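Everything below concerns the one structure shown next.
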2 protein chains.
Amino acid sequence: MELFQDRGYVETTVQEIAARAGLTERTFFRYFADKREVLFSGSKELQKSIIARIESAAREAGPLDVVVGALEAAGAELQDQRGLSFVRARYALVTQHAEIQERELIKLAALAVGVTRALHARGVAEPAASLAAEAGMAVFKIGFERWVNERKPRDFAAHIREAAVALKALTAGNKVHARQTLSRPVKKSISR
Amino acid sequence: MELFQDRGYVETTVQEIAARAGLTERTFFRYFADKREVLFSGSKELQKSIIARIESAAREAGPLDVVVGALEAAGAELQDQRGLSFVRARYALVTQHAEIQERELIKLAALAVGVTRALHARGVAEPAASLAAEAGMAVFKIGFERWVNERKPRDFAAHIREAAVALKALTAGNKVHARQTLSRPVKKSISR
DNA sequence: CCTCCTGATGTCAGCAACTGACATAGCCGT
DNA sequence: ACGGCTATGTCAGTTGCTGACATCAGGAGG
């Protein structure tokens, strides 16, 4: 983080990072798959924590509530462990470099897969499990952004909760039959 | 695609791709930012098409319906233009190589940003716009996967519609923060 | 017809990310 | 002391990607 903030992400070479740690470039790549991975050290543990919370959630709770609840808890964990200022510095890096953002997104996608599996284990059927997982990621993402960009910092968990409420309002507010009919020219069918 | 399928993605070198096109490696990089981008040729147009449909959607329609409607139409477009077999071949590449999947995910994130902006232009306020966009992406993603993995191919648009319905059912049944009380018996329904 | 300009392409050199193969050093149990 | 295991170093090589400069074809205008 020091090097990235001083010299910039692209300018910082892996060799420099390794040297700062008193190691060699080759050794760096034995611990991190690539340069970006060094920014995702805690992610595996965070995912595990979330999955564990889903597994141990109350039986009666609905899938989306279970997911959102787990994310709230994990969010609080993150807030406590790393602190807002660190998270903000890292967030700046992520937003400034598409390269890093890509990694962040695939981590989130992997989390969604894990969450989906955990929901399956609870007996949630299929489109519901994936949708709850993905919707949870959306809620997390938006809650996160609002938390980080806020001038007067509030609780991360509160933001997640708010986003979840907003999502429910959104989907509730629209009737299924309010869908517009779209004029799609009929072309050849799929065939094959 | 030919080269990637024959020799594999990683084994295929940019030089080979360029040579196959009768060009030089340097010229390749003048048209594509990097090796992966060659797999995302139509994405800009697709995004434009989606945004345009959102802008021209009926005024009374709710945000989520607008987004889902636009995605259905774009999905139909994709299905007609590229064809299921091409989409499947490309999908196989994406799932097999995290590198490519990362790019796919960031394209989707960029689409979400565009959709959010288009919703703002329609007067949708803030957590709602982002959430509708992200929820739309979730619906698209899941609809897409179900479409592509299906043995007997049906309409892409139909899958998207089904996913949207499932999402509404999901969010309708549950209250956020079901602390102690559970509002009503959990129905895991939908699907199939 | 000649000239100049422009845009597309080629050539070349170079850096940094990453990898495989092999060597070395330190620790640990026997 | 020995032998093995693990972490690290060394080295060479490939590939993605970039900047600088050269070349070449076609069109506009004299």
Side-chain angles (χ1 to χ4, degrees), chain A residues 1-45 47-48 89-111, chain B residues 1-45 47-48 89-111:
Chain A
M1 285 294 289
E2 290 171 13
L3 286 170
F4 287 161
Q5 286 174 337
D6 287 356
R7 265 185 276 277
Y9 175 75
V10 271
E11 287 72 25
T12 305
T13 184
V14 172
Q15 203 173 16
E16 290 174 329
I17 302 173
R20 171 73 67 103
L23 291 173
T24 219
E25 190 189 352
R26 192 61 180 91
T27 303
F28 176 95
F29 284 114
R30 288 201 179 94
Y31 286 85
F32 304 98
D34 52 48
K35 184 178 170 184
R36 304 174 239 174
E37 272 297 306
V38 81
L39 285 165
F40 295 84
S41 62
S43 75
K44 196 177 171 183
E45 289 71 20
Q47 163 151 356
K48 274 186 188 166
R90 188 178 169 287
Y91 177 74
L93 271 179
V94 173
T95 49
Q96 280 161 27
H97 303 279
E99 205 178 324
I100 311 178
Q101 202 191 341
E102 288 186 341
R103 185 56 50 83
E104 183 110 323
L105 289 170
I106 209 175
K107 295 282 184 192
L108 219 67
L111 175 57
Chain B
M1 286 294 289
E2 289 172 12
L3 287 170
F4 287 162
Q5 286 175 334
D6 288 356
R7 268 185 273 279
Y9 174 76
V10 270
E11 287 73 23
T12 305
T13 183
V14 173
Q15 203 173 15
E16 290 173 330
I17 302 173
R20 172 71 71 100
L23 290 174
T24 221
E25 190 189 354
R26 191 62 180 90
T27 303
F28 176 95
F29 284 113
R30 288 201 180 96
Y31 286 85
F32 303 100
D34 53 49
K35 184 180 172 183
R36 303 174 240 173
E37 272 296 306
V38 80
L39 285 165
F40 295 83
S41 62
S43 76
K44 196 177 173 184
E45 288 71 20
Q47 164 151 356
K48 274 187 191 169
R90 189 179 168 287
Y91 177 74
L93 271 179
V94 173
T95 49
Q96 280 161 26
H97 302 279
E99 205 178 324
I100 311 178
Q101 201 191 342
E102 287 186 342
R103 184 57 49 86
E104 182 111 322
L105 288 170
I106 209 175
K107 295 282 183 191
L108 218 67
L111 175 57

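All values reported here derive from a predicted model rather than from experimental measurement. Here is the naming used below: chain letters follow the sequence lines, and residue numbers restart at 1 for every chain.
- Near DNA chain C, defined here as any heavy-atom distance below 4.0 Å, the residues from residues 3-15 of chain A are A:T12, A:T13, A:V14, listed numerically.
- B:Q5 meets the side-chain hydrogen bond (donor to acceptor under 3.5 Å, both in side chains) test with no other residue; sequence neighbours excluded.
- Scanning for side-chain hydrogen bond (donor to acceptor under 3.5 Å, both in side chains) contacts around B:E37 gives B:R103, B:K107, with sequence neighbours left out.
- Along DNA chain D, read 5' to 3', the first and last nucleotides having any atom under 4.0 Å from a heavy atom of chain A are D:dA7 to D:dT10.
- Interface residues of residues 29-44 of chain B facing DNA chain C, ordered by number: B:R30, B:Y31; criterion, heavy-atom separation under 4.0 Å.
- For residues 3-14 of chain A, the salt bridge (charged side-chain N to carboxylate O under 4.0 Å, His left out) pairs, not counting sequence neighbours, are A:R7-A:E16.
- The ring-ring contact (aromatic ring centres under 6.0 Å, His included) search around A:F28 returns A:F32, not counting sequence neighbours.
- Residues from residues 100-108 of chain B placing a heavy atom under 4.0 Å of any atom in DNA chain C do not occur.
- Partners of B:K35 according to the side-chain hydrogen bond (donor to acceptor under 3.5 Å, both in side chains) rule, which considers only residues two or more places apart in sequence or in another chain, do not exist here.
- Residues meeting the ring-ring contact (aromatic ring centres under 6.0 Å, His included) test with A:Y91, sequence neighbours left out: A:F144.
- The list of salt bridge (charged side-chain N to carboxylate O under 4.0 Å, His left out) pairs with a residue in residues 18-32 of chain B, not counting sequence neighbours, reads B:E2-B:R20.
- Residues forming a side-chain hydrogen bond (donor to acceptor under 3.5 Å, both in side chains) with B:E104 (at least two apart in sequence, or on another chain): B:R90.
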